[in-house]
Amino acid sequence: MSESDPRAWPDSPTRLAAELARLAAQVGPHIGGRDDAPEAAATLPCTDPATGRTLTSVAVASPAHRERAVEAAVNAAADWAATSGRLRSAALLRLAEQLEDRRSELAVLETLDTGRPVRLTRDDDLPRSVDQLVHHAGWADKLDWLGRGPAPQALGVSALVLSSQRPMATLLGWLAPALAAGNTVVVAADPSTPLSAVRIAELALAAGVPTGVVNVVTAEVSTTAALLDDPAVAAVTVPDASAHPIAHLLFDDAPIDEAIDAVVTDACSQQGREHGGGVRLLVQESVHDEVVDRLRDRMGRLRVTDPLDLNADVGPVLDASEVTRLDELVTAAGRVGAHTWTWPGSTPSVGTWFPPMLLSELADGAEPTRASCPGPVLRVGSFRTPLEATRAVRGAPAAGVWTEKGSRALAVAAALELGTVWINGTAQLAASAGVDRSAARADLLDQLAAPTPWEVQR
Amino acid sequence: MSQAALRTGRLAIGGRFVRATSGQESTVHDADGQPLASLAQAGDADVRAAVGAARSAAPGWAATAPSDRARQLFTLASQLDEHRDQLTEELVASTGSAREAAARQVVTATDRLAWYAGWSDKLPGDAQDGPTRTTTTARPMGTVGLVAPQDDPLLGLIDPLGAVLAAGNTVVVVASARFPLPAVTLAEVVALSPLPGGVVNVVTGPVDAAATALAAAGTEVVDLLGLAGQDVRAIEQAAAPAVRVLLPPAGEPDFSEPPSVGPGAVTRYMRSASVWQPQLG
């Protein structure tokens with residue numbers, strides 16, 4: 001199903017979804033290239049959070065599944081690592097092509113599974129993932145140039161534990177370097193959102209990645225723990241549990257309209273999901289009240305609706321437990337003196353939804369200010385001086401600095417001492433600049449054995 | 001092979017295949033002296049036209065995102081691979097080499113192009129020095145005139161070509177005079193590829209005259225790789241101002257392994273652009 005105009009849909013998202021809804025009656029582990037008919041540990045319903053409808057049932061992996069997945073990965077490891085970089089590169093390029101050919105279908109699948117607006121899964125997540133696959137395909141045949149010596153070694157079996165936060169994008173961004181490095185993989189997909197992971201394993205096979213190189217288990221927490229302990233698994237990547245909110249610093253000379261638009265999108269559409277902790281905005285005192293007014297105005301215009309609607313800004317949250325967490329966060333914020341403002345519309349009556357909210361006057365030290373936040377809630381505080389702002393941002397995984405004064409932007413960016421800073425932008429700025437090359441290099445190095453430099457022979 | 005079945009080759013200029021303005025053609029023979037093809041012979045006017053086409057295509061190609069250049073070059077490599085039988089036959093016929101060795105050469109050549117493709121978006125740049133932030137990026141030079149090696153007509157052409165293109169330059173290739181056919185086939189495959197017209201231009205004909213015409217036409221870089229061991233002072237003197245002339249090596253290189261300098265092979269065809277900014281609170 002190739003599309004020549006990337007913006008064209010072969011069919012409406014809703015109709016595509018209806019087709020996909022005729023999914024296999026059961027989705028389960030994909031091990032050694034087979035969709036095993038499992039003696040499952042349990043079966044769970046896989047629900048569409050926008051409607052509450054059951055999409056399919058998921059066979060939860062038993063310990064036996066996990067063991068078989070690791071075994072399949074171990075058995076495939078030597079051959080895959082010995083495959084020339086050029087052939088691994090070609091496989092990654094073919095997988096990229098598979099993703100492009102099935103872009104709409106995969107995007108709709110991820111939206112049905114997670115509630116993330118389809119405009120984002122299709123036009124943000126998938127193109128970025130394709131770029132990452134192509135980028136790492138270009139490393140696979142030149143690992144000797146990474147700076148790890150003339151013949152860097154694969155780790156062997158590399159594992160990934162997926163949460164329900166953007167599982168498709170997370171999987172593909174991790175899979176590209178793992179395969180480029182020559183590792184075989186075991187992916188533990190959260191059983192409430194496993195659909196894209198299983199489909200991607202199938203596509204990898206179709207792209208000519210040998211059997212046993214990509215294995216997916218639809219697994220619960222106990223499986224994760226067991227993977228961490230398994231001596232046959234060389235490395236396990238786990239989601240960051242302590243997700244703090246991204247911070248945006250808005251100075252008095254910031255391009256305010258641009259900033260508001262970008263930050264609201266980040267908080268309510270993207271829901272800071274790249275980092276999982278939500279979004280905090282710190283506004284310089286002199287413009288604070290004006291900014292809060294304009295934020296309410298902007299947030300009031302958000303479209304909270306069916307994520308299959310191409311115009312949707314905000315989709316549902318994953319499940320009832322997230323609604324509960326968000327309720328608790330808002331209550332706690334109210335208790336420490338925050339002002340709460342709620343989007344004035346009504347959310348759909350089916351599915352699990354949370355209305356966009358603005359929590360302002362949140363003191364820097366209060367607990368709700370930095371708690372992780374899985375929904376469309378924007379937290380706002382203020383600062384007087386750049387120094388105060390810098391201190392308030394500590395612990396954030398990334399930050400945006402909004403000011404027109406270039407030298408201040410650079411000074412503040414440096415003072416924050418964070419791994420990632422956007423000047424007059426959000427994560428979308430970085431996303432539009434293409435693959436983050438230094439992050440890609442670091443991710444690839446993480447997938448390779450790491451002797452000390454002095455152990456590496458010429 | 002009868003004259004009627006003789007392959008013809010034209011000059012590849014600006015995405016089109018044209019005769020020499022002079023109408024001149026020359027017959028190429030195989031290793032046994034049998035005629036293989038009749039190829040157009042480029043004169044000065046043709047070389048100038050090729051440089052003009054390369055210049056027109058240069059801003060667009062330089063502005064193409066490096067990752068997009070990478071993808072286009074990956075596609076070209078894959079298309080070359082689809083033509084591997086034809087390329088192998090040509091090498092066997094032209095150079096008299098054994099079929100197996102020729103087949104391996106072709107695989108190495110397409111792998112090499114893919115290798116360069118992957119470098120496009122991995123070139124080094126950027127720095128932070130004290131209170132000043134320096135952004136240094138490697139930028140394409142613009143247009144490159146490449147005199148391809150004489151004796152290694154496929155791999156010896158594709159290796160430097162891959163580097164030139166990954167760097168974001170457009171190019172005028174002067175094909176090996178000794179074994180010109182692989183360059184002609186390459187031009188045909190390029191015309192089927194995503195690369196815009198004018199990015200890769202190929203001229204066949206007398207090499208010294210073409211090299212001199214290139215230098216005079218003022219491409220940003222002229223790489224005299226194909227004139228190994230020759231005295232090129234006359235060409236250097238004919239060069240327009242500001243042309244960077246890359247002098248030939250003493251002997252024709254062995255292209256069987258990727259260059260040990262890695263990305264240095266690509267940055268060789270690039271210029272450095274630095275922006276300094278003060279950092280004040």
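Everything numeric here is computed off the predicted structure, so don't read it as measured data.
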Portion of A:V134 that has a non-hydrogen atom of chain B nearer than 4.5 angstrom: both
Any donor-acceptor pair under 3.5 Å from A:R437 side chain to B:D121 backbone: yes
Toward chain A, the part of B:A114 with a non-hydrogen atom under 4.5 Å: both
Nearest heavy atoms of B:K122 and A:H135, plus distance in Å: NZ-O, 2.8 Å
Sequence neighbours excluded and cut-off under 3.5 Å, please list the side-chain donor-acceptor pairs for residues 139-146 of chain A, or say none.
residue	atom	partner	partner atom	Å
A:K142	NZ	A:G138	O	2.6
A:K142	NZ	B:W115	O	2.8

Residue A:R394 excluded, over 12 heavy atoms near CZ under 6.0 Å: yes
Contact winner vs chain A - B:S67, B:A117, B:P263, B:A70, heavy-atom pairs under 4.5 Å: B:P263
For chain B, which residues of residues 85-93 of chain A have heavy atoms nearer than 4.5 angstrom: A:R86, A:S89, A:L93
Engaged part of B:T75 at the chain A interface, taking heavy atoms whose separation is under 4.5 Å: neither
Heavy-atom pairs under 4.5 Å with chain A, option from B:S78, B:A65, B:G118 with the top count: B:G118
Heavy-atom contact with chain A under 4.5 Å, split by part of B:P66: side chain
